[in-house]
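No hydrogens, no waters, no symmetry mates; every other heavy atom, side chains included, goes into these values.
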Amino acid sequence: MDAAEWQVRRSASRLGFQTRWSQGPVEGGFARWEARIRFAPEALATSHVKVTVDLASVTTNSPDTQEALVGDDWFATSLHPTATFVADR
């Protein structure tokens with residue numbers, strides 16, 4: 001049996017994060033991302049997930065943090081516009 005293709009419901013989904021920085025708690029997320037998911041518990045050998053994130057689409061509750069994240073000290077979006085997470089099994 002092959003793993004089934006899952007459809008991400010964008011209207012009900014969010015790619016977000018929480019952390020602490022020198023200014024205190026930071027919450028944020030990414031406005032542009034896509035996910036391809038194939039999953040079935042009984043078919044782990046063919047299960048797979050791939051998430052691609054447009055790093056420049058980051059938003060946070062702190063303008064200073066948001067500006068820093070796209071800069072060269074963090075995401076360096078001019079050099080690395082996307083990040084990809086891949087997992088098998």
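Looking at Gln66, its side chain never comes within 3.5 Å of a backbone N or O of Thr59 through a donor-acceptor pair.
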Could you pull out every donor-acceptor pair under 3.5 Å between side chains of residues 8-16 and any protein atom, sequence neighbours left out?
unit_1, atom_1, unit_2, atom_2, d
Arg10, NH1, Trp33, O, 2.4
Arg10, NH2, Ala31, O, 3.4
Ser13, OG, Arg9, O, 2.7
Arg14, NH2, Gly28, O, 2.8

Hey, can you pull the donor-acceptor pairs under 3.5 Å for the side chains in residues 69-82, sequence neighbours left out?
unit_1, atom_1, unit_2, atom_2, d
Thr77, OG1, Val70, O, 3.3

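A salt bridge (charged side-chain N to carboxylate O under 4.0 Å, His left out) check over residues 29-41, counting only residues at least two apart or in different chains, returns the pairs Glu5-Arg36, Glu5-Arg38, Arg32-Asp54.
Scanning for ring-ring contact (aromatic ring centres under 6.0 Å, His included) contacts around Phe39 gives Trp6, with sequence neighbours left out. The side-chain contact (heavy atoms from CB on, under 4.5 Å) test applied to Ala40 returns Ala3, Glu42, Ala43, not counting sequence neighbours. The side-chain contact (heavy atoms from CB on, under 4.5 Å) test applied to Gln18 returns Glu27, not counting sequence neighbours.
Phe85 is not listed as a side-chain neighbour of Val53, based on a closest heavy-atom distance of 4.5 Å or more. Counting heavy atoms from C-beta on, the side chains of Ile37 and Lys50 never come closer than 4.5 Å.
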